[in-house]
2 protein chains.
Amino acid sequence: MSATPAPARRARRYDPGRRDRLVDTTLDVVAEQGVAAATHRAIARAADVPLGSLTYHFGSLTDLLAAAFTRHVDTVAARFDERMRAAPDRAAALESLVEHLTGDLLGSQRDLVLAVELYVAAARNPALRAVTQDWMSRSRRSLERHLDPVTAREVDALVEGLVLHSALSTGPMTADQIRSALHRLAG
Amino acid sequence: MSATPAPARRARRYDPGRRDRLVDTTLDVVAEQGVAAATHRAIARAADVPLGSLTYHFGSLTDLLAAAFTRHVDTVAARFDERMRAAPDRAAALESLVEHLTGDLLGSQRDLVLAVELYVAAARNPALRAVTQDWMSRSRRSLERHLDPVTAREVDALVEGLVLHSALSTGPMTADQIRSALHRLAG
DNA sequence: AGCTCATAAGAACGAGCGTACACAGCGGTT
DNA sequence: AACCGCTGTGTACGCTCGTTCTTATGAGCT
């Protein structure tokens with residue numbers, strides 16, 4: 001019998017996609033429990049792989065975190081730039097931004113939490129700082145498709161405030177409030 | 001020989017202000033090395049007290065952090081409310097806000113860092129969440145001395161974004177840029 | 001004076017951490 | 001078939017952590 005191992009655990013010798021899965025699992029753990037709780041052991045448990053597997057695929061925990069955040073930033077930044085690229089004019093871009101905020105970012109507690117966790121981890125960890133700065137500059141460049149650089153910067157700052165606010169506050173702002181603030185700032 | 005121990009350390013039996021000093025030292029350590037590095041041992045070393053002294057004065061590390069952040073928030077919030085209270089009208093209030101941002105907050109890397117560290121620590125620690133929410137509501141109440149509630153909320157979000165931005169970005173915004181954004185938002 | 005007890009001190013404990021390393025399994029090359 | 005070498009595994013080491021606990025000390029009360 002048995003090509004299929006019944007216990008379903010520890011049956012995974014030769015696992016080509018493991019490296020990728022580890023990156024995804026790391027993001028899950030960070031989103032659910034924070035960077036401080038994202039230890040080798042916690043991630044290994046969540047991914048159902050042995051402890052040694054982590055240092056095998058990633059030289060250090062920082063390497064793993066950097067890979068994970070890089071993937072997350074790539075995803076979010078690409079999605080946002082796609083929105084900005086698709087917007088025909090400034091007004092549409094602002095509306096897309098509102099959608100991005102209320103739908104993609106503020107709508108999903110996961111992305112929100114990941115953003116804040118990244119911000120703070122980067123504040124102390126030089127290897128991660130490059131990732132946040134890349135995110136900031138990409139998002140500003142996306143905004144500049146339809147806004148002048150000065151306004152783009154202001155909008156970017158407001159957006160970050162909104163993200164932080166929504167991540168921590170019990171009563172986040174509504175789409176209408178966000179729309180009105182953006183229009184006053186950039187409308 | 002020697003009633004006086006030469007090393008000059010450990011000579012502090014009976015130290016009435018120690019509890020207070022511990023709170024201040026904790027803020028220093030957090031500002032310099034982050035919440036993650038603010039361990040009992042690091043704080044004890046910085047305050048030049050024995051390790052056991054910390055759990056004697058504060059039941060747990062969380063208690064100590066909460067006391068420290070509460071003190072910091074009280075200081076900053078009181079200073080800000082004083083500014084808003086002193087402003088004769090809306091325009092003066094906005095200018096005071098610019099000063100508060102460029103001078104008190106963004107000007108001192110210390111306050112900036114403390115703010116962000118608090119934000120993030122609060123995201124995972126319920127005991128600290130009360131402190132941030134108190135800060136947010138106090139700062140909004142101060143703004144509402146001269147702004148309507150909706151605008152106050154928007155300005156508050158922008159300010160938080162500016163704080164985060166300045167804490168992490170290499171090129172923070174100038175006073176002029178901040179003034180212009182505020183006036184467009186609340187002008 | 002003597003007593004009492006809050007304060008101070010430092011060693012110790014158990015848990016969890018990142019990382020290193022020696023060994024096991026298996027595809028690919030001879 | 002025999003081997004090699006990369007991939008994967010599991011254990012162990014050294015360290016730091018929060019917290020506990022025993023013992024010392026001296027200020028303030030009677």
Peer 1: Return the value, rounded to whole Å, for the distance between atom CZ of B:Phe58 and atom P of C:dT7.
Peer 2: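 Rounding to the nearest Å, CZ of B:Phe58 and P of C:dT7 are 13 Å apart.
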Peer 1: Which residues pass the side-chain contact (heavy atoms from CB on, under 4.5 Å) test with A:Arg184, sequence neighbours left out?
Peer 2: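 For A:Arg184, the residues satisfying side-chain contact (heavy atoms from CB on, under 4.5 Å) (neighbours in sequence not counted) are A:Ser180, B:Val150, B:Thr151, B:Glu154, B:Leu185.
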Peer 1: List for me each residue that meets side-chain contact (heavy atoms from CB on, under 4.5 Å) alongside B:Ala152, sequence neighbours excluded, and say none if there are none.
Peer 2: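 B:Arg140, B:Leu143, B:Glu144, B:Leu147.
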Peer 1: Looking at residues at least two apart in the chain, or sitting in another chain, which of them share a side chain to side chain donor-acceptor pair (under 3.5 Å) with B:Thr39?
Peer 2: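 B:Thr39 satisfies side chain to side chain donor-acceptor pair (under 3.5 Å) with no residue once adjacent residues are dropped.
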Peer 1: Tell me: NE2 of A:His57 to C1' of C:dA20, nearest whole Å?
Peer 2: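 So the two atoms are 17 Å apart, to the nearest Å.
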Peer 1: Between C1' on C:dG18 and CD1 on A:Ile43, what's the gap in Å once rounded to a whole number?
Peer 2: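 For the pair A:Ile43 CD1 and C:dG18 C1', the rounded distance is 12 Å.
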Peer 1: I'd like to check B:Leu128 versus B:Phe69 (side-chain heavy atoms, cut-off strictly below 4.5 Å). Are they in contact?
Peer 2: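 Yes; the side chains approach each other to less than 4.5 Å.
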Peer 1: Quickly work out the B:Leu22 CG to C:dA9 P distance and round it to whole Å.
Peer 2: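 Rounded to whole Å, this separation is 11 Å.
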Peer 1: Enumerate, atom names and distances included, each donor-acceptor pair closer than 3.5 Å involving a side-chain atom of residues 22-36 of chain A, sequence neighbours excluded.
Peer 2:
from    : atom 1 : to       : atom 2 : distance (Å)
A:Asp24 : OD1    : A:Arg71  : NH1    : 3.0
A:Thr25 : OG1    : A:Arg21  : O      : 2.8
A:Thr26 : OG1    : A:Leu22  : O      : 2.7
A:Asp28 : OD1    : A:Arg110 : NH2    : 2.6

Peer 1: Report the residues that fulfil side chain to side chain donor-acceptor pair (under 3.5 Å) with B:Arg124, sequence neighbours left out, ordered by chain and then residue number.
Peer 2: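 Listed in chain order: A:Glu117.
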Peer 1: Please state how far atom CG in A:Leu54 lies from atom C1' in C:dG18, giving the value in whole angstrom units.
Peer 2: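 Between C1' of C:dG18 and CG of A:Leu54: 11 Å.
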Peer 1: Can you name the atoms? Protein N/O to nucleotides 18-24 of chain D N/O, anything below 3.5 Å, with the distance.
Peer 2:
from   : atom 1 : to      : atom 2 : distance (Å)
D:dG18 : OP2    : B:His40 : N      : 3.0
D:dG18 : N7     : B:Arg41 : NH1    : 2.7
D:dG18 : O6     : B:Arg41 : NH2    : 2.8
D:dT19 : OP2    : B:Leu61 : N      : 3.0

